[in-house]
Amino acid sequence: GAGVSQSPSNKVTEKGKDVELRCDPISGHTALYWYRQSLGQGLEFLIYFQGNSAPDKSGLPSDRFSAERTGGSVSTLTIQRTQQEDSAVYLCASTPPGTGRGYTFGSGTRLTVV
Amino acid sequence: TQLLEQSPQFLSIQEGENLTVYCNSSSVFSSLQWYRQEPGEGPVLLVTVVTGGEVKKLKRLTFQFGDARKDSSLHITAAQPGDTGLYLCAGGPGNTPLVFGKGTRLSVIA
């Protein structure tokens, strides 16, 4: 597609439920990133996929968070047993091959845990 | 851990005024990027600076990368209401995920 697509745009879930957030990057972009943005905070890095390499999971805040990227394209971020502190906007970005490239972000998924 | 400090955190100015926002770190970055984010949207890339001392202009916006590649500034001339948004700086060593500052929230009042 023309841009990075994220779905759903909004998600309200009950504490303790699992949620899946989807990211469809720009075709041909080899790198895909997940960030979390909480109110009044900057973007917090979660996980990074680059081509066929093992993902960099160093930013995942707990083992309740996981992500996968199928076929080098679509990615799913899963949060198990959601907690209220998981409420945030989850942003996905992709970049073409090469270092120092600017990120193209999706519009994000606003997750609210009640 | 590389950190980027942005200042001011909030800025409210009248249309036509000039302003400068700052992005500082104790770490050296191979490149630094500036993004603007509007409500309900993801950040949009404005510019990438890679050379110490580099100055880039984008219409009324002027970006500067410090000589030591540890800091950057964004200057807006004759601000307009359309410049309202959250300005984020981000840096990285090159092949790892960008580190983002917390941003400067700018409001330009007509």
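A note on names: the letters A, B, ... follow the listed sequences, proteins ahead of strands, and every chain is numbered from 1.
By the criterion of side-chain heavy atoms lying less than 4.5 angstrom apart, applied directly or through intervening Ile, Leu, Val, Met, Phe, Trp or Tyr residues, B:F100 is not grouped with B:V50; the two fall into different hydrophobic clusters. Linking Ile, Leu, Val, Met, Phe, Trp and Tyr whenever their side-chain heavy atoms come within less than 4.5 Å puts A:V19 and A:L60 in one cluster. A:W34 and B:V99 are assigned to two separate hydrophobic clusters, defined by single-linkage of ILVMFWY side chains at heavy-atom distances under 4.5 Å.
Of the atoms belonging to A:L43, heavy atoms from both backbone and side chain fall under 4.5 Å from chain B. For a residue to count as touching a neighbouring chain, one of its non-hydrogen atoms must lie under 4.5 Å from one of that chain's; by this rule A:F45 touches chain B with the side chain only. Heavy atoms closer than 4.5 Å to chain A are found in both the backbone and the side chain of B:L98.
Counting heavy atoms from C-beta outward, A:I47 and B:P97 have side chains that stay 4.5 Å or more apart.
With respect to chain A, the highest number of heavy-atom pairs below 4.5 Å among B:G42, B:G40, B:P43 belongs to B:P43.
More than 12 heavy-atom neighbours from other residues, nucleotides or ligands sit within 6.0 angstrom of CD on A:E85.
We find the CG-OH distance between B:L45 and A:Y103 to be 11.0 Å, quoted to the nearest 0.5 Å.
Under the side chain to side chain donor-acceptor pair (under 3.5 Å) criterion, the residue pairs touching residues 33-48 of chain B are A:Q37-B:Q37, A:S107-B:E41, B:Q33-B:Y35, B:W34-B:S72, B:R36-B:E38, with sequence neighbours excluded.
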